[in-house]
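Structure first, commentary second.
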Amino acid sequence: MSTIDKQLLKKLLLTVEKPSRYTGGEFNTPDVTKPHRASFCFCFPDIYEIGMSNLGIQILYDVINNDPDFVAERCYAPWVDFGDKLKENEIPLFSLETKTPLKEFDVVGFSVQFELLYTNVLYMLELAKIPFYAKDRDESYPIIIAGGPCAVNPEPFKEFFDLIVIGEGEEADIAVLKAVADGKEKGLSKKEILKKCMEIEGVYVPSLFKSGDKVVKAVVDDFENSPFPLRPLVPNLNIVHDRVVMELYRGCASGCRFCQAGFYYRPIREKSASRIANLAKSAIDATGYEELSLCSLSTGDYSYLRELIDDLKDITSKKHVNLSLPSLRLNSFDSDIAQNSRRSSLTFAPEAGTQRLRNVINKNITDKDIDNIGKAFDAGYQSVKLYFMMGLPSETDADLDGIVLICERLKNMYYSVKRQRPLTISVSCSVFIPKPCTPFQWAAQISIDEMMRKQEYLKNKLRAVKGVKFSWHGAESSKLEAALARGGSELNEVILTAYKSGSKFDGWTEFFNWENWLAAFEKCGIDVNDYSRNFNLDEELPWDFIDTGIPKTYFKNEYLKAIDGLPTANCRNGCNRCGAAKLGRCTIL
Amino acid sequence: MILLKFEKAEGFCFISHVDTLRHFQRIFRRADISVEYSKGFNPHMLIYFSSPLPLGLASKAEYVCVATDMKAEEFLKRYNDNCPDGLKGVSAANVDKNPNLQANVAACRYIFAKKLQKKNSYSVTYEKKGETVTETIDDRIYSMGEYDAVLASVTLRPDRFALSCSDNCITEIVKTNQYLKIGDKLVDVDEYYGL
């Protein structure tokens with residue numbers, strides 16, 4: 001294998017921002033030079049600080065490197081300054097650990113976390129000097145694969161990949177590597193190897209797929225004992241989530257109708273408190289991290305939360321480790337649990353301003369639950385972050401007024417007692433984006449004009465409430481996200497056109513260029529607004545061929561209930577028969 | 001208290017001082033070295049570094065003073081078992097109080113990959129707040145050979161000095177020694193503290 005000229009690289013690193021993004025050498029890096037049957041390079045189409053924070057990659061990296069037959073390295077999207085330097089100096093994009101060009105790996109795997117990263121996949125392929133389309137890559141190129149949440153609808157980017165893993169990668173990735181290693185040893189062609197891979201659960205091979213076929217989402221069956229890194233990497237610069245992260249469970253019992261993760265990650269599988277505590281202890285001992293965070297879609301709903309926090313108390317207090325609890329749901333908030341984390345700010349997501357709309361989206365939070373925040377004030381919190389969405393199905397201005405009322409109620413609650421410091425409330429409002437694998441996958445997205453009007457409306461109303469900060473998401477990027485989420489294979493060309501005319505890092509507001517995207521859609525003869533319409537309940541959807549466990553009929557029924565304003569109970573109160581359990585037992589059943 | 005001498009190797013020269021500090025806190029936690037904490041609302045470990053290295057510069061002689069009552073020998077072993085390769089410990093000594101090397105180190109010795117040119121007078125030119133500044137630096141050069149020089153600490157960056165008499169870039173320079181000024185003599189920190 002060839003590596004990059006180290007002296008030249010050093011010179012280039014002197015000229016870019018945060019050079020330690022590209023140097024590797026993190027503590028706990030496994031031996032990636034051991035003899036192996038096949039090599040894998042994880043590519044994350046965003047910068048180091050974001051990619052290193054991704055728990056999924058950490059798990060899969062650990063799984064592959066723990067296998068005696070395989071090695072995995074990593075590569076993150078270089079920031080534009082370094083990307084330009086690589087191009088200028090004709091240095092092909094390389095792996096972090098051994099500085100090996102991506103082209104020389106057996107398998108290159110992209111983690112696609114969110115729609116606005118699609119152009120960055122192309123950015124990385126181009127820097128690696130790998131042709132964009134799978135059909136243009138001969139036997140000399142690695143097998144290029146994708147996985148991650150966006151695989152829930154892979155049609156918009158399928159032509160760039162030889163193979164896409166739909167669902168959880170722990171078992172599927174190893175199976176793919178086995179097939180590749182076998183194929184390599186037997187001298188099979190890429191096509192023959194891909195054919196073998198099609199037998200693996202969760203694997204979708206776009207070039208060999210026949211219409212009418214189904215791909216069943218890959219699911220880890222024994223989640224309790226599924227692999228988890230005992231020695232996580234310790235980054236050399238401050239990353240976004242710079243802490244030990246423990247995954248409590250997969251899936252979510254809430255059934256919020258807009259939430260893709262809540263349905264896609266089903267069946268619900270919990271880990272035992274004792275296993276999590278053991279994993280946490282080993283990860284803290286091996287990394288020396290000063291913070292431990294508990295992660296899952298709704299941490300407050302974890303069945304053994306109290307028991308777990310008791311188990312962790314010992315570990316965290318002895319070693320001066322902070323315990324942080326993200327994504328608490330309002331109704332699961334307990335002041336004594338919150339007190340265990342030494343934060344001054346609380347984050348809650350009511351998502352909608354009125355009970356009526358919360359019933360529509362099935363966010364089962366009542367006004368009484370919101371009053372629960374009072375407990376947090378009494379525990380010493382003086383800052384609250386609230387997340388809402390605008391443009392939800394059936395939303396009217398009265399629902400936006402509800403957001404203002406919530407802020408006023410919180411203020412009244414806070415000042416009903418004499419406090420030392422003023423209360424700050426941050427309201428963050430994103431735009432509703434209909435996503436595949438949710439009951440709202442058919443729902444319309446409001447127009448850009450309407451997004452702007454609603455933002456203005458809310459901004460003006462909130463201005464009247466002192467102490468409230470208001471922030472919102474870009475209207476145009478939300479429109480694009482909806483299109484890339486719900487579109488079909490016709491979008492491959494649009495994405496490539498947009499990239500070629502300069503779009504990359506679309507998730508970064510300073511780089512997002514709406515005009516460029518509009519031009520790309522137009523050039524391909526596609527109306528971007530077509531993806532925001534109300535989809536017909538009977539029309540065929542691009543992702544229909546994927547079996548996520550939850551049939552279309554379930555989503556349809558949920559959507560119809562939403563229109564009638566009827567909530568569905570939390571799965572913990574009794575099974576709602578969504579069907580996901582057929583792919584693996586729901587632990588809470 | 002412990003005074004630890006460590007290296008910041010080539011591969012780690014791009015890691016900023018703040019990130020290096022974070023590394024140390026994590027190394028001590030991994031090594032189960034019990035370090036005293038400050039008493040404020042956000043307690044932090046009591047550790048004190050010699051002057052931060054500019055980005056890109058490697059060093060064979062960096063120092064950190066750590067508030068712990070562990071014996072030096074045990075400390076060094078535990079440290080080296082838990083540090084990343086780029087921050088290897090060289091030696092350690094028990095000291096009575098923080099030697100405050102950030103303030104007390106007067107000069108440092110550097111070695112350069114490319115030959116230094118002999119001149120009658122040396123001056124550096126650099127950008128400061130958008131303006132180009134030129135300064136004579138003769139009073140900040142203690143001594144120099146063909147491939148090494150002893151320069152005033154903090155007030156003279158070795159990469160700027162290097163440009164005045166060679167074309168070494170910062171990654172071609174390595175810091176090798178740090179000196180205290182005792183009377184009018186420079187004394188190596190290692191010698192003074194028995195490292």
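Quick note on labels: first sequence line is chain A, next is B, and so on, each numbered from 1.
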*For the candidates Asn82(B), Ile27(B), Ile170(B), Ile15(B), which exhibits the highest count of non-hydrogen atom pairs separated by less than 4.5 Å from chain A?*
Ile15(B)
_Does Asn236(A) form a side-chain hydrogen bond (donor to acceptor under 3.5 Å, both in side chains) with Ser20(A)? I'd like the steps, not just the answer._
CA-CA 7 Å; Asn236(A) 287 328; Ser20(A) 48; over 6 Å; no
*What residue in Asn28(A), Val234(A), Leu14(A), Val321(A) has the most heavy-atom pairs under 4.5 Å with chain B?*
Leu14(A)
*asked:* Between Glu290(A) and Arg243(A), does any NZ, NE, NH1 or NH2 come within less than 4.0 Å of an OD or OE carboxylate oxygen?
replied: no
*Is the Phe24(B)-Phe49(B) ring centre distance short of 6.0 angstrom?*
yes
_Could you tell me if Arg74(A) sits above the aromatic ring of Phe42(A), with its cationic atom closer than 6.0 Å to the ring centre and no more than 45 degrees from the axis?_
no
*Under 30°, 30 to 60°, or over 60°: which ring-plane class applies to Phe75(B) and Tyr79(B), parallel, tilted or perpendicular?*
parallel
*Which of the residues Phe27(A), Tyr289(A), Tyr22(A) is involved in the greatest number of heavy-atom pairs with chain B at under 4.5 angstrom?*
Phe27(A)
_Members of residues 76-91 of chain A whose heavy atoms come closer than 4.5 Å to chain B_ = none
_Atom group of Phe28(B) that falls short of 4.5 Å from chain A, counting heavy atoms_ = neither
*Answer with side chain, backbone, both or neither: which region of Ser16(B) has an atom nearer than 4.5 Å to a non-hydrogen atom of chain A?*
neither
*May I ask you to check whether over 12 heavy atoms, not counting those of Lys114(B), lie within 6.0 Å of atom NZ?*
yes
*Are a donor atom and an acceptor atom from the side chains of Asn54(A) and His241(A) found within less than 3.5 Å of each other?*
no
*Do Arg419(A) and Asp378(A) meet the salt-bridge criterion of a basic N to acidic O distance under 4.0 Å?*
yes
*Does NZ belonging to Lys5(B) count more than 12 external heavy atoms closer than 6.0 Å?*
yes
*Before accepting this row, confirm whether a basic side-chain N of the pair Arg78(B)/Glu73(B) lies closer than 4.0 Å to the acidic partner's carboxylate O.*
no
*Centroid-to-centroid, His44(B) to Tyr37(B), below 6.0 Å?*
no
*Donor + acceptor pair across side chains of Glu127(B), Thr132(B) (<3.5 Å)*: yes
*For Asp285(A), is it the side chain, the backbone, both or neither that has a heavy atom under 4.5 Å from a heavy atom of chain B?*
backbone
*Against chain B, work out which of Leu237(A), Thr23(A), Thr29(A) has the most heavy-atom pairs shorter than 4.5 Å and name it.*
Leu237(A)
*Is there any residue in residues 5-12 of chain A with a non-hydrogen atom under 4.5 Å from a non-hydrogen atom of chain B, and which ones are they?*
Lys10(A), Lys11(A)
_Phe112(B) and Phe161(B): CA distance, side-chain angles, deciding distance, ring-ring contact (aromatic ring centres under 6.0 Å, His included) verdict_ = CA-CA 11 Å; Phe112(B) 300 81; Phe161(B) 162 79; 5.8 Å; yes
*For Cys83(B), is it the side chain, the backbone, both, or neither that has a heavy atom closer than 4.5 Å to a heavy atom of chain A?*
backbone
